[in-house]
There are 2 protein chains.
Amino acid sequence: MAALSMRRVAKEVGTTPMALYHHVRDKDDLLMLTLSGTAATVPRPELPSDPRERLLAVTLHMHGTLARMPWVVEVLSLGDLTDKGALWMVEEIVGAGIACGLTEAEAVRAYRTLWHCVYGDLVFRRAMERRAEDPDRKRYFPGMLTDADAAELPHLVALADQWSELTEDYDVSGQLSAVIDGLLGRAGREGGAGRERAG
Amino acid sequence: MAALSMRRVAKEVGTTPMALYHHVRDKDDLLMLTLSGTAATVPRPELPSDPRERLLAVTLHMHGTLARMPWVVEVLSLGDLTDKGALWMVEEIVGAGIACGLTEAEAVRAYRTLWHCVYGDLVFRRAMERRAEDPDRKRYFPGMLTDADAAELPHLVALADQWSELTEDYDVSGQLSAVIDGLLGRAGREGGAGRERAG
DNA sequence: ACCTGAACACCGTTCAAGT
DNA sequence: ACCTGAACACCGTTCAAGT
């Protein structure tokens with residue numbers, strides 16, 4: 001949130017903003033410190049033992065947890081993992097990737113890609129909510145499209161009316177499942193599960 | 001950028017900050033307007049005709065273009081497409097998805113997922129660059145791990161030394177290619193191309 | 001309709017000074 | 001080592017007043 005300013009935090013804690021600078025470098029540093037311990041408040045779920053299902057379950061758990069604490073998402077955009085209590089999810093994702101036949105390097109890359117999917121959904125879901133709260137807000141897309149654009153942008157014009165419904169119908173679980181299929185590639189299919197995806 | 005403040009833009013244009021409020025609702029509105037025309041400055045590339053290759057090519061073009069204009073990425077986080085000149089990329093992605101056998105709804109979802117992958121990479125690549133520019137910045141992960149954590153977080157402890165290299169080695173093209181495989185699912189494999197991914 | 005100046009209620013950060 | 005007050009250089013936005 002924007003509620004996390006140096007001055008506001010200082011007031012909350014009962015000191016001056018300047019006193020904080022003896023404990024943190026700058027605002028970003030303070031923000032990252034505020035994450036300490038937040039993961040501990042969320043109970044660790046039971047996970048399926050099949051590695052592919054486990055991979056999906058942990059990723060969905062991460063998504064669901066962060067969806068309920070949007071300010072954490074903003075702090076995570078600084079690009080560091082500062083809460084040790086959250087690392088078990090990264091461990092599980094990398095571990096499950098390896099158990100599915102990925103190399104270590106591939107598993108780390110897969111973790112990043114899955115994180116990007118989770119993070120992106122959270123950011124734009126939140127943006128949608130914010131815009132929904134303010135109904136007077138100008139909407140640009142797809143309202144800016146007219147029939148004259150049909151030659152250049154046929155699909156977008158055809159889908160213009162349904163666009164917002166389709167966007168709200170975004171299915172995190174299904175999409176992550178598909179992404180995992182892609183990331184596991186041949187490794188996932190020859191591993192025994194032999195899973196195939198429809199749509 | 002943070003350079004786009006009401007007051008700074010007003011000074012640049014040669015008026016007062018308040019005059020801007022007769023043309024935009026608020027700062028977000030101004031930011032979205034600044035995007036108008038930016039896409040026109042980028043030449044539209046030639047694209048492969050095979051729909052799956054086309055899907056990857058457009059997505060990579062989008063990524064490459066935005067990587068060179070980071071402030072645009074920040075504005076896009078507001079969640080609207082305000083520059084008509086950029087819509088051809090969305091059109092191409094949705095169109096290629098459909099050409100690969102996805103339904104319209106699936107193609108829109110696939111577009112969102114690919115956008116999340118692109119956006120996430122841009123956000124965290126940028127965060128990494130910022131941290132690299134400031135070498136005194138505290139690093140939390142994976143430096144916070146010790147041998148005592150090996151029981152709980154075996155993979156992370158084992159990978160701690162290589163983590164930053166592995167993170168920098170993130171291969172956008174390869175990962176997007178894998179994600180596309182997953183998103184196309186059976187549709188992509190029975191479509192004739194019959195493509196299989198290794199790792 | 002369009003612009004203005006002054007004001008309100010904030011920011012992050014620095015710096016010299018205190019204990 | 002730790003905290004303070006005052007100050008610097010900013011923010012977005014509102015509002016009554018001007019043309």
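Per chain, numbering begins at 1; letters A, B, ... match sequence-line order. The analysis underlying the following values was restricted to heavy atoms, covering all of them including side chains, and did not include hydrogens, waters or symmetry mates.
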Exercise. Go through B/R125 and B/T167 one step at a time and tell me if the side-chain hydrogen bond (donor to acceptor under 3.5 Å, both in side chains) criterion holds.
Key: CA-CA 9 Å; B/R125 184 180 297 273; B/T167 297; over 6 Å; no
Quiz item: Knowing that exactly one of B/L102, B/V90, B/L183 qualifies, which makes a side-chain contact (heavy atoms from CB on, under 4.5 Å) with B/Y111?
Solution: B/V90
Quiz item: Mapping A/A2 and A/H22 to their closest nucleotides on DNA chain C, which lands nearer the 5' end?
Solution: A/A2
Quiz prompt | Inter-nucleotide P distance (C/dA9, D/dC10), Å rounded | solution = 22 Å
Quiz item: Base, sugar-phosphate, or nothing for B/M6, non-hydrogen atoms under 4.0 angstrom?
Solution: sugar-phosphate
Exercise. Identify whether any heavy atom of B/R25 sits under 4.0 Å from a base atom; if not, whether one sits that close to sugar-phosphate; answer base, sugar-phosphate or nothing.
Key: nothing
Quiz item: In terms of side-chain heavy atoms, does B/S36 have a donor or acceptor partner in B/D83 at a distance below 3.5 Å?
Solution: no
Quiz item: Would you say the side-chain atoms of B/D29 and A/Y140 include a donor-acceptor pair closer than 3.5 Å?
Solution: yes
Self-check item: Ring centres under 6.0 angstrom apart (B/Y170, B/F124)
Solution: no
Quiz item: So does A/E152 pair up with B/K84, basic N to acidic O under 4.0 Å?
Solution: no
Exercise. Flag the pair B/R131 and B/D136 as a salt bridge only when some basic side-chain nitrogen lies within less than 4.0 angstrom of an acidic carboxylate oxygen.
Key: no
Quiz item: Got a sec, which pairs hit ring-ring contact (aromatic ring centres under 6.0 Å, His included) with one end in residues 56-94 of chain A, sequence neighbours left out?
Solution: A/H61-A/W88
Exercise. Give the first and the last nucleotide of DNA chain D, reading 5' to 3', that has any atom under 4.0 Å from a heavy atom of chain A.
Key: D/dC2 to D/dA7
Quiz prompt | Bracket string, DNA chain C, 5' to 3' - pairs by Watson-Crick or G-U geometry under 3.5 Å, | interstrand | solution = ||.|||||...|||||.||
